[in-house]
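One structure below.
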Protein chains: 4
Amino acid sequence: MTVEERRRVKRLPREVRERQILDAAVRVFSDHGYHNASMDEVSDVAGVSKPMIYAYLGSKEDLFAACIHREATQLLAAVAAGVRTELPADMQLWHGLGAFFEYVGAHRESWRVLHRQAISQGGPFSEELLDMRRQAISLVDTLLVRVATKEGLGRGATESLAAALVGAAESLADWWLDNPDVPSRAVASRLMNLAWIGFGGLVDGRTWHPSAD
Amino acid sequence: MTVEERRRVKRLPREVRERQILDAAVRVFSDHGYHNASMDEVSDVAGVSKPMIYAYLGSKEDLFAACIHREATQLLAAVAAGVRTELPADMQLWHGLGAFFEYVGAHRESWRVLHRQAISQGGPFSEELLDMRRQAISLVDTLLVRVATKEGLGRGATESLAAALVGAAESLADWWLDNPDVPSRAVASRLMNLAWIGFGGLVDGRTWHPSAD
Amino acid sequence: MTVEERRRVKRLPREVRERQILDAAVRVFSDHGYHNASMDEVSDVAGVSKPMIYAYLGSKEDLFAACIHREATQLLAAVAAGVRTELPADMQLWHGLGAFFEYVGAHRESWRVLHRQAISQGGPFSEELLDMRRQAISLVDTLLVRVATKEGLGRGATESLAAALVGAAESLADWWLDNPDVPSRAVASRLMNLAWIGFGGLVDGRTWHPSAD
Amino acid sequence: MTVEERRRVKRLPREVRERQILDAAVRVFSDHGYHNASMDEVSDVAGVSKPMIYAYLGSKEDLFAACIHREATQLLAAVAAGVRTELPADMQLWHGLGAFFEYVGAHRESWRVLHRQAISQGGPFSEELLDMRRQAISLVDTLLVRVATKEGLGRGATESLAAALVGAAESLADWWLDNPDVPSRAVASRLMNLAWIGFGGLVDGRTWHPSAD
DNA sequence: GATGAATGAGACTTCATTCAT
DNA sequence: TATGAATGAAGTCTCATTCAT
């Protein structure tokens, strides 16, 4: 084997190898789930031998965590980019939701790994996920607060609403995975309506209470 | 002869053993997830040897499916019992949500198995789950239709809203599992407000549209 | 359950139960082979519970040995009945072979158990089989001796020829199981020709020797 | 570093390990039969861990099939090498039989695996075996045809005789396994006489028919 | 006499992980 | 750097066999 040949197939810089591996891992985890995914398949898909994976990214658990971390960061970045702070609050929310569903639609595998797989594995993995959710909630909260404090809604209430909204978005995205015919804008619009009108009602003081109980 | 000894020696009828096994399985699947759960642990917790499990409930997959089926049936029954059709629509929804969150709160393990575990395993398991969801959606739909048709909202729209509502409830329940301090009534109330006000807006024709895009 | 009912389905005399069980066992062993046969299936086919089998016929190994013994005895009896000592030697052999192939053809399962299964299990089972073969060989030998001593062939040679003949018959029967279209008389005739002519040659002193080696 | 240590540590090429494993498997299958043989014992005897066996040779069934294939190929090669086509027909047959019994005598384990085990397992395994037998029969047939057509025996009859001869050889070999005192040449000679004289009779038109029936 | 209930033991198979080259 | 070779440990499942009724 000549030097030239060796260079052609091997000795890629570490950074490149890591990306190859993570790409393959996301795909495999998404396809088969965390447990059914085998390191053998990851190494096959990545075109990299198993010892390399262990050398670069550690154990299977570590590898999965790295996947979640990378995908979560990308998703959050996409959403944050969608929200432009110079717009009015409702348009910010609208664009945020739009960016979210667009990202999920374009990266189904990422979302599957992030939400379905990570959520069903206990313990270590949830951390990354909870952290991302916390960031998302805070993003929405600052948005709601701007509207609510102008009106009369107290702090604290907004955060729980933000949580509900984020949860609803996650759930809707998850549902969407199984119903892919609906266009992404329609999904976003559906949620926007429920949220904005409902929220508007709360802000205006129109709330519902059990008539008798 | 001590109680312990009697327990070890008694030949219980099949029906009883099956319940014991299912109880144990729900607990174990809930604690460790489908894949990390071992039949050994199920048999330990059930106080029954593994061969009995295979004889009565079949393979691990069969056992899991049986768990889902039983728990889903119980949950639906609880919700249906909560909805009393002689009440006005909003109170029906309120009681239905109340029953739902109460059940989830009282049977966290059941819910974990049902929602988190079953959803993250592909294929065969989803069927049972989808079926349950279909029933739930139809339950809510009949409810919304009664209100909507009196007013002006068209058919079809209600079903998608029902789906959104069910999804939101699931998501909220799931979130609640990780935030157990909130009392169940508060959670139900939160969702009821969002839903009823938002829904009311739609019925009244107050909808949101992007101002410019 | 009335006394009448109990009597109708249960409490058969031991002898009958044993036959039921053996019949079932022969069939199951023949169908699946000794190892793949399960006591469960035997008990199902026999319509008798497993504890009965153990009570009446002992362990799986014992049961198998009992099968071999019964079938071997029947086969030998059938062959012996075919050979009528008042006939000339060649007709005796002819009728013996005829009875043998007829029996095998009519009791394929028995033969499968006897020959294929018993032969592939080492140790204890071979005993029964070897014994049967010894009896068969002796049967043929007495026959050949009557012809040979009239002529010039020495003792000892006949026995080895008898062994070859029995072996050839077994092998042919086994082959026949996989080629069932050939009628039983044709199979018998084929062997008879080879044997009688070859044997006749030996008796007459026409033998083959390597021309040079 | 002792020999033992080197053996434990050396990374042998796949080819070598496969041979080791097959050797061990033939021995173990031969000793205990297909079903009683455990993969654990194969791995022990081979000096290789079980996962290697599965990686290289597949399941237990695959492993067994591989054994049969290898041994059958070797046996056929040995017989074909014995038959030298420049000799007269009887000498060809004689040398072929000689090679056959010599091989069986020298590789008792191979033969046990080939004939006794493979024959008693149904289905997939028989294929390899049937194929080998077909080749052997055709080998013998071409031989007989050369003699028979010179004389008056029709086609088709030779093939069935070839089949009988092959079957007789198999059966005799099998019998020999249980009577190992007889020297291999004696066994070959015994069969040669029966076959050649009997066959000669048929060629000459001396056939036997029941005198009355 | 008869059986449903029950299990200890062991089989096959897979996988994450690590050497030795 | 890169990998083929190798394995300990664990999991699912089956089966002959025996109690307790």
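A note on names: the letters A, B, ... follow the listed sequences, proteins ahead of strands, and every chain is numbered from 1.
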Next item on the list: Mind calculating the distance between CD (C:Glu18) and P (E:dG1) to the nearest angstrom?
Entry: 11 Å
Next item on the list: Looking at every strand, decide which applies to D:Met39 at a 4.0 Å heavy-atom threshold: base, sugar-phosphate, or nothing.
Entry: sugar-phosphate
Check: Between atom CZ in D:Arg17 and atom C1' in E:dA20, what is the gap in whole Å?
Finding: 13 Å
Item checked: Separation of E:dC19 P from A:Tyr54 OH (nearest whole Å) -> 13 Å
Margin query: Rounded to whole Å, please give me the gap between NZ in D:Lys50 and P in F:dG11.
Written below: 14 Å
Check: Roughly, in whole Å, what's the span from CG in B:Asp44 to P in F:dT12?
Finding: 12 Å
Margin query: Quick check on DNA chain E: between B:Tyr56 and D:Gly58, whose nearest nucleotide comes earlier from the 5' end?
Written below: B:Tyr56
Check: Which base, if any, makes a Watson-Crick or G-U wobble pair with F:dT21, both distances under 3.5 Å?
Finding: E:dA2
Margin query: Rounded to whole Å, how long is the line connecting atom NE2 of D:His35 with atom C1' of E:dA11?
Written below: 12 Å
Note to self: Looking at B:Arg70, I want to see if its CZ is surrounded by more than 12 non-hydrogen atoms of other residues, nucleotides or ligands under 6.0 Å.
What the structure shows: yes
Margin query: I want to confirm an ordering. Mapping A:Gly47 and C:Ala37 to their closest nucleotides on DNA chain F, which one lands closer to the 5' end?
Written below: A:Gly47
Note to self: What is the distance, to the nearest angstrom, from the CG atom on C:Asp40 to the P atom on E:dA5?
What the structure shows: 13 Å
Next item on the list: Using modelled atom types only, decide if a donor and an acceptor are shared between the side chain of A:Asp44 and the backbone of A:Glu41 within a distance under 3.5 Å.
Entry: no
Notebook entry, point to check: Does E:dG8 have a Watson-Crick or wobble partner in any strand here, with both distances under 3.5 angstrom, and which is it?
Noted result: F:dC15
Notebook entry, point to check: Between the side chain of D:Gln117 and the main-chain N/O of C:Ser120, is any donor-acceptor distance below 3.5 Å?
Noted result: yes
Note to self: Can you identify which nucleotide, out of F:dA6, E:dT13, E:dA6, has its nearest atom closest to the D:Ser59 side chain?
What the structure shows: E:dT13
Item checked: Atom-pair distance (CD on D:Gln20; C1' on F:dA6), nearest Å -> 13 Å
Margin query: For the residue pair C:Ser30 / C:Glu109, report whether a side-chain donor-acceptor contact shorter than 3.5 Å exists.
Written below: no
Next item on the list: Kindly indicate whether a cation-pi arrangement holds for C:Lys60 with C:Tyr34, taking the cut-offs as under 6.0 Å to the six-membered ring centre and within 45° of the axis.
Entry: yes
Checklist line | Per B:Pro51 side chain, nearest of listed nucleotides F:dC13, E:dT7, E:dA2 | finding: E:dT7
Item checked: Proximal nucleotide (of E:dA11, F:dT18, F:dA2) relative to the A:Met52 side chain -> F:dA2
Note to self: Within the 4.0 Å heavy-atom criterion, would you say C:Arg14 contacts the bases, only the backbone, or no part of the nucleic acid?
What the structure shows: nothing
